[in-house]
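Worksheet: one structure, shown below.
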Amino acid sequence: MELTPEQLVSEFQDAVMELYFARKRIALLEAENAALREHLARTEQTSHAED
């Protein structure tokens with residue numbers, strides 16, 4: 001299947017938008033992961049302090 005130049009540009013723009021939103025999701029997941037790790041560390045410290 002051969003694409004026209006306009007179709008190639010459209011495909012490229014779609015790929016760029018998908019990458020943009022994927023990077024935003026990755027950033028949100030990394031922030032959530034960091035918060036969860038911090039919460040887990042605090043929980044573990046509290047449980048060890050009670051021992």
Give every donor-acceptor pair under 3.5 Å between a side-chain atom in residues 10-28 and any protein atom, sequence neighbours left out.
none

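- Once rounded to the nearest 0.5 Å, the distance linking CZ of R42 with CZ of R37 reads 14.5 Å.
- Note that the OG1 atom of T43 and the NE2 atom of H48 stand 10.5 Å from one another [nearest 0.5 Å].
- In the hydrophobic clustering, L40 connects to no other residue, as no ILVMFWY side-chain heavy atoms lie under 4.5 Å from its own.
- Hydrophobic cluster of L3: the remaining members, joined at side-chain heavy-atom separations below 4.5 Å, are M1, L8, listed by chain and number.
- Residues E2 and Q7 share a closest heavy-atom pair of O-OE1, 4.2 Å.
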